[in-house]
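Everything on this sheet refers to the single structure shown next.
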Amino acid sequence: MAYNLLKGKKGIIFGALDEKSIAWKTAQQCYNEGAELVLTNAPVALRMGEINKLAEACGNAPVIGADVTNMDDLKALFEKSMEHFGGKIDFILHSVGMGLNVRKGKEYTDLNYDWNHKTFDISSMSLHRILKTAWDLDALNEYGSVIALTYIAAQRVFPDYSEMADAKALLESITRTFGYYYGVKKKVRINTISQSPTKTTAGSGVKGFDNFISYAEKMSPLGNAPAEACANYISVLFSDLTRYVTMQNLFHDGGFSFTGVTEAVLESMTVEI
Ligand code: NAI
């Protein structure tokens, strides 16, 4: 269902890798809601070619490569996007994450710090880099909206999430602090959405992910929130209906974050005495 929530708005979507990606579903939803888009991902991800299908389905949106750790790439991305749109940008989705130690099987207590540094650069500092680029180019319209995706491991321990927990805590902190400055300067809103575990390429990289996803399903009164529902929520936060929401970490998790225990989990724990 579409409500024309984003009619006339222009946005950049980072991180659509394949059709499972949260960014992919968000791009589709934003397009359905009337937005014009630029799609971007790391040059190596663009070589897979999948994103071209999404671009076509989104009114032949331009696809512009940018490594989120490279300031020159980001500057070129914003300049080309403004040229394409013929003006400034209304929204940005940061849907980017990569845990190098997680991916290479290095435990949290035995991190390779070069990889750890790269993890933070890609997954967290990239948000600062994107915002700083937009700030310097004055690329965002008043009441622009920026969303980054995060996970509850930033607040509570989920051991296998490892270094990504620290990366998400930093991402959420940048959201608050830059949200302050950009709010004062330009009324730009910056929020994170803390999403349920979702079967995507990045999600599946976490050890024991399948068990974990069914645990979260049992622990959430509404069940795990699907990627499509996340895309809907993001569209609302990009719209003018949420102009005074900023610097928040917004849980989109079927109630998981505020549930102590559920009957479904208790039943699975039952022991005979
Ligand atoms: P995904 O694997 O589809 O998306 C991750 C994206 O990051 C990919 O498109 C990848 O190419 C991009 N990326 C990696 N390194 C990059 C770089 N140097 N420059 C530019 N882009 C780069 O997976 P998903 O799940 O859609 O992830 C999107 C966001 O959602 C991530 O921040 C993730 O941590 C977050 N998230 C995911 C959850 C899940 O269970 N899947 C739960 C909560 C948050």
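Atoms within a ligand are numbered from 1 in the order they appear, just like the ligands themselves. The analysis underlying the following values was restricted to heavy atoms, covering all of them including side chains, and did not include hydrogens, waters or symmetry mates. In this text the structure is predicted, and so the values were computed from the model without any measurement.
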Look only at the side chain of Asn224 and the backbone of Ile213, and say whether a donor-acceptor pair between them is shorter than 3.5 Å.
yes
Any donor and acceptor pair, going by atom type alone, linking the side chain of Thr259 with main-chain N or O of Ser220 inside 3.5 Å?
no
Going by heavy atoms, is [X] under 4.0 Å from ligand 1?
| X | result |
| --- | --- |
| Ser204 | no |
| Ser196 | yes |
| Thr69 | no |
| Lys20 | no |

Distance from [atom] to nearest protein heavy atom, with residue and atom:
| atom | answer |
| --- | --- |
| atom 43 (C) of ligand 1 | Thr150 O, 3.2 Å |
| atom 19 (N) of ligand 1 | Val68 N, 3.0 Å |
| atom 28 (C) of ligand 1 | Ser95 OG, 3.0 Å |
| atom 12 (C) of ligand 1 | Asn41 OD1, 3.5 Å |
| atom 2 (O) of ligand 1 | Ala202 N, 3.0 Å |
| atom 13 (N) of ligand 1 | Val96 CG1, 3.7 Å |
| atom 41 (N) of ligand 1 | Thr198 O, 2.9 Å |
| atom 35 (C) of ligand 1 | Leu149 CB, 3.8 Å |

So, is Met164 polar-close to ligand 1, with some N/O to N/O distance under 3.5 Å?
no
Separation of [Y] [atom2] from [X] [atom1] (nearest 0.5 Å):
| X | Y | atom1 | atom2 | value |
| --- | --- | --- | --- | --- |
| Asn4 | Asn32 | CG | CG | 10.5 Å |
| Trp135 | Phe78 | CH2 | CZ | 14.0 Å |
| Ile147 | Thr192 | CD1 | OG1 | 8.0 Å |

To which of Ile213, Thr119, Asp67, Thr200 does the heavy atom nearest atom 25 (O) of ligand 1 belong?
Thr200
Judged on heavy-atom distance to atom 37 (C) of ligand 1, which of Ile22, Asn224, Leu17 sits nearest?
Ile22
Can you tell me how the ring of Tyr151 sits relative to the ring of Tyr161, calling it parallel under 30°, perpendicular over 60° and tilted otherwise?
tilted
At under 4.0 Å between heavy atoms, is it the side chain or the backbone of [X] that contacts ligand 1, or both, or neither?
| X | value |
| --- | --- |
| Ser21 | both |
| Lys168 | side chain |
| Thr40 | neither |
| Ala66 | backbone |

Any salt bridge linking Lys25 with Glu228? Criterion: basic side-chain nitrogen under 4.0 Å from a carboxylate oxygen.
yes
Thinking salt bridges, do Asp136 and Lys132 make one under a 4.0 Å N-O criterion?
yes
Verify the distance criterion only: is there a donor paired with an acceptor across the side chains of [X] and [Y] at less than 3.5 Å?
| X | Y | value |
| --- | --- | --- |
| Gln29 | Ser235 | no |
| Asn112 | Asn101 | no |
| Thr150 | Asn249 | no |

Can you give the donor-acceptor pairs under 3.5 Å from side chains of residues 49-62 to other protein atoms, not counting sequence neighbours?
unit_1 : atom_1 : unit_2 : atom_2 : d
Glu50  : OE1    : Lys53  : NZ     : 3.4
Glu50  : OE2    : Lys53  : NZ     : 3.1
Asn52  : ND2    : Gly49  : O      : 3.4

Can you list the atoms of ligand 1 that are under 4.0 Å from a heavy atom of [X]?
| X | value |
| --- | --- |
| Ala45 | 11 (O) |
| Pro197 | 40 (O) |
| Gln195 | 42 (C), 43 (C) |
| Gly15 | 4 (O), 6 (C), 8 (C), 9 (O) |

Checking salt bridge (Lys or Arg N to Asp or Glu O under 4.0 Å) for the pair Lys10/Glu36: CA distance, chi angles, key distance, verdict?
CA-CA 5 Å; Lys10 298 163 172 60; Glu36 277 177 64; 3.7 Å; yes
Which donor-acceptor pairs under 3.5 Å do the side chains of residues 79-89 make with protein atoms, sequence neighbours left out?
unit_1 : atom_1 : unit_2 : atom_2 : d
Glu79  : OE2    : Lys75  : NZ     : 3.1
Ser81  : OG     : Leu77  : O      : 2.7
Lys88  : NZ     : Asp138 : OD2    : 3.0

